[in-house]
Amino acid sequence: MEKEKEQLEDEMIDKAFNALITDYLNSSHRKKTAIIEKAFHFARKAHAGVRRRSGEPYIMHPLAVARIVAKEIGLGSTSICSALLHDVVEDTEYTTEDIANIFGDKIASIVDGLTKISGGVFADEASKQAENFRKLLLTMSEDIRVVLIKMADRLHNMRTLSSMPLAKQHKIAGETQYIYAPLAHRLGLFAIKTELENLSFKYEHPETYHEIEEKLESTKEERTTVYKEFAKPIKEKLATLPFKIEISSRIKSIFSIWNKMQRKNVSFSEIYDLLAMRIVFDMGEEEMNIEEERALCWQIYSIITSLYKPHPDRTRDWISTPKANGYEALHVTVMDTHGNWIEVQIRSRRMDDIAEKGFAAHWKYKEGYTAAEQKESELDKWLKTIKELLENPDSNAMDFLDTFKLSLFASEIFIFTPKGDIKTMPIDSTVLDFAFFLHTDLGMHCIGAKVNHKLMPLNYKLQAGDQVEILTSQKQHPQPEWIDFVNTARAKKEIKNVFKLEYRAFSKKGEKELSAELKKYGMALTPETVERILSGLNIHDEENLYYKIGKGVVSVEDVKKILKLKKTQNKLVNYWKLNFFGFGKKNGEEQTKDGKLPIDKKKTMKVTDEAVGKVYKIAPCCNPIPGDDIIGFVDENGTIIVHKRDCPIAVKNKASFGDNIVSAEWATHKELSFPAVIEIKGFDKTGILMEILKVISEQYSVNIQKVDVETHEGIFEGTIRLYVHDTEDVNNLCMNILKIKEVEAVNRIYD
């Protein structure tokens, strides 16, 4: 039996390797199969006898990563070899020197970079996280292939995440959602970014994921009919053009659908842009310059809009000015004959490769550009920004992480210089951000700007299409308060450098003052507490908070108001304090010496109505209620804080403090009450509020805490704060309020 098993596994390994070679031979790279085969046999021997948690031979993981690198990212033999060898130095007795001697310095250098960040972007403690994270960025700035292979490694780990314990799943999914998916987006790896988001969502919210998946499947036949009818005249028209054209349909990803449902407060049936068409044209072997490509995009656009009416506000020209991650395409949304809005994406083969494979394709095509076309891309500029950030090694660990996160902006705007040059800036950039973006000296002496020929202050937030002329004065010098309104990593770094010594001294002073004050109330500076304070004061980073307290700009009294600290605790607050059965004190079970109950992170915590306890608390930032997907975090005091899984603070904590995660689920139903907020909109009439309150109080016997309603020109909208038992209560309540004729929309919202 054992020999048969070994034989089957050997066949499986050989089959996977042959598939890798086939992928490589189908690419446009030089066919260096000998070195790939050498790397495979070396890795196979090094990992012999080792298995993954799933039970399969370990070598299957490097093979899978190498296939992603070759087929889905489009890298060559050096990267494929590095992918095959990426775990050898970390997991076996071989060293980087051994790799260099056998495979050369370049492959050894990439493997060394991958080994340094092998523990994931984040390690166990904040200081280690920042160091690991900095290593990731350093390797990215030195050789982008390190990060591209790391992305492939993460993608395969996400594809095989089901074999991991629940808490580990949440840690890895959270880390992926917080950094890897945005990083994939920033590097132009659209397909990988979409899959990482989907897989993270699948493990974070499995029930919701499968619910949307089933709805997509049940409406598939209807969509297919709509698409065929829509595509038929387009295909007939495009068939007359003298070049090859591929037309395909694209369905919005499950994560994107859910994200839009949350953002717009709408149901699945109200998502109208599920379907899109993609048109990719290919001139074959003929050389085509950039201008010819763009002209053909507009030619196809004119054919589409001659058949269907375009939406006046939904044309996106990403060919004249590509996105910051290199993405180029022409998008137009048109209405079909049945009143459905359908987006059409028009690309050349080159544009499509860059859209799907990102950075690797970007560089492949850049080699073929003319000297005029070979200008510095937005992606090149972004990498320069990262290098500049890394030149400041003294920054606070989490502050550095947050600053980098700012540079992973998903949305950007285009700004014009006085001469008409286009610059790409993150959304919410100010005049001062733009000054520092153009040149450090401009930022240092900036006194304002002429925006569209009108004088605007330093803190004016730029809008897409603004024409900006920076105004300077040699008498102007940086001010400490500038840090409060700049939003780009570069501007923050430059301003902090000027005030580094002063900033650090006041920051330490403020941290001590705040810590001492919180101790009086039995509290500590936990990540959750800091996040609540930052949110309440609208301050972006922790170090800036301490600086303001130390400087006296923010008082500890302001903080106490946000945290609602009082000398005597209000007894009413006990309604949401819970004890969790999975970790409760059982018969004969003793507490630990510090009075805390033992926590088993390998078990799933069950939230019950058993008793009021001091070890477990509901996070005030998202106020989860039974029915919400939840997760627990153990804070510095050993207290478990329960968040909604999609709470922004929880997402950040999953990435930053992954080893403090406790898997949790509700086991509580109709005994305790939890706070919830519903938002109602509709047409005003006499007595409408009484009708709504009647449904709430009589049909559901729900206690109302606060009603806040406004009317304007015949429209009313407002919020009602109430206490419910679970999400079923909220959903039923919303459905019944919606039955009132004048009510247009009812949704649960989060403070």
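Because the structure is predicted, anything quoted here is derived from the model rather than measured.
Heavy-atom minimum distance, His170 versus Ile661: C-CD1, 3.9 Å. When all heavy atoms of Gly536 and Ile562 are compared, the closest pair comes out as C-CD1, 3.7 Å. Nearest heavy-atom pair across Leu432 and Gly443 is CD1-O, 3.6 Å. Residue Ile447 comes nearest to Ser473 through the heavy atom pair CG2-CB, 3.8 Å, listed as atom of the first residue, atom of the second, then distance. Closest non-hydrogen pair, Lys496 versus Ile483, comes out as CG-CD1, 3.7 Å. Minimum heavy-atom separation, Ala152 to Ile73: CB-CD1, 4.3 Å.
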Please evaluate residues Leu438 and Lys423 with respect to the criterion side chain to side chain contact (heavy atoms under 4.5 Å, CB included), reporting the C-alpha separation (whole Å), side-chain torsions for both, the decisive distance (0.1 Å), and the verdict. CA-CA 9 Å; Leu438 294 174; Lys423 304 294 181 183; 4.3 Å; yes
Does the pair Leu455 and Lys450 meet the rule for a side chain to side chain contact (heavy atoms under 4.5 Å, CB included), with working shown? CA-CA 5 Å; Leu455 283 174; Lys450 283 185 181 178; 4.0 Å; yes
Under the side chain to side chain contact (heavy atoms under 4.5 Å, CB included) rule, what do Glu517 and Val559 come out as? Steps first, then yes or no, please. CA-CA 10 Å; Glu517 190 65 26; Val559 173; over 6 Å; no
Side chain to side chain contact (heavy atoms under 4.5 Å, CB included), that's the test. Do Ile470 and Val431 meet it? Break it down for me. CA-CA 8 Å; Ile470 298 298; Val431 163; 4.1 Å; yes
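By the 4.5 Å heavy-atom criterion applied to side chains, Ile172 and Arg154 are counted as neighbours. For the pair Leu199 and Thr176, the minimum side-chain heavy-atom distance is 4.5 Å or more. Residues Asp317 and Leu330 are in side-chain contact: their nearest non-hydrogen atoms beyond the backbone lie under 4.5 Å apart. Side-chain contact between Leu189 and Leu196: absent, with no pair of heavy atoms (C-beta onward) separated by less than 4.5 Å. A heavy-atom distance below 4.5 Å is found between the side chains of Ile495 and Phe436. Side-chain contact between Thr488 and Phe437 is absent, with no heavy atoms from C-beta onward closer than 4.5 Å. In this structure, Met151 and Leu155 have side chains that are not in contact, with every pair of non-hydrogen atoms separated by 4.5 Å or more. For the pair Thr472/Met444, no side-chain contact is recorded, criterion being any heavy-atom separation below 4.5 Å from C-beta on.
Ser429 contributes a side-chain N or O that, together with a main-chain N or O of Pro426, makes up a donor-acceptor pair within less than 3.5 Å. The backbone N or O of Gly550 lies less than 3.5 Å from a partner atom in the side chain of Lys509, making a donor-acceptor pair. Using modelled atom types, no side-chain atom of Glu494 and backbone atom of Lys492 make a donor-acceptor pair closer than 3.5 Å. Between the side chain of Gln476 and the backbone N or O of Cys446, at least one donor-acceptor pair lies under 3.5 Å. In this structure, Gln177 contributes its side chain and Glu175 its backbone to no donor-acceptor pair below 3.5 Å. Judged by distance alone, the side chain of Asp112 and the main-chain N or O of Thr96 form no donor-acceptor pair under 3.5 Å. Of the possible polar contacts, one joining the Arg645 side chain to the Glu204 backbone as a donor-acceptor pair under 3.5 Å is found. Judged purely by atom type and a 3.5 angstrom limit, Gln467 has no side-chain atom pairing as donor or acceptor with the backbone of Asn452.
For Asp646, the side-chain contact (heavy atoms from CB on, under 4.5 Å) partners are His205, Trp258, Gln262, Lys644, not counting sequence neighbours. Partners of Glu511 according to the side-chain hydrogen bond (donor to acceptor under 3.5 Å, both in side chains) rule, which considers only residues two or more places apart in sequence or in another chain, do not exist here. Residues that satisfy the side-chain contact (heavy atoms from CB on, under 4.5 Å) test with Glu717, not counting sequence neighbours, are Lys681. Applying the side-chain contact (heavy atoms from CB on, under 4.5 Å) test to Ser253 and every residue at least two apart in sequence or in another chain returns Thr194, Asn198, Phe255, Ser256. For the side-chain contact (heavy atoms from CB on, under 4.5 Å) test, residues two or more places apart in sequence or in another chain that qualify with Pro418 are Glu469.
A distance of 4.0 Å separates CD1 of Ile110 from CZ of Arg145, quoted to the nearest 0.5 Å. Rounded to the nearest 0.5 angstrom, Ile192 CD1 and Glu197 CD are separated by 12.5 Å. For the atom pair NZ of Lys560 and NZ of Lys520, the computed distance is 6.5 Å after rounding to the nearest 0.5 Å. To the nearest 0.5 Å, atom CZ of residue Arg316 and atom CZ of residue Arg314 are 6.5 Å apart. Within the model, atoms CZ of Phe633 and NE2 of His643 stand 6.0 Å from one another, a figure rounded to the nearest 0.5 Å. Residue Ser79 holds its OG atom at 10.0 Å from NZ of Lys106, rounded to the nearest 0.5 Å.
The residues Glu557 and Lys561 are annotated as not salt-bridged, no charged nitrogen and carboxylate oxygen being separated by less than 4.0 angstrom.
A side-chain donor-acceptor contact under 3.5 Å links Thr430 and Asp433.
Residue pairs satisfying the side-chain hydrogen bond (donor to acceptor under 3.5 Å, both in side chains) criterion with at least one member in residues 545-556, sequence neighbours excluded, are listed as follows: Asp484-Lys548, Glu502-Lys551, Glu542-Tyr546, Ser555-Asp558.
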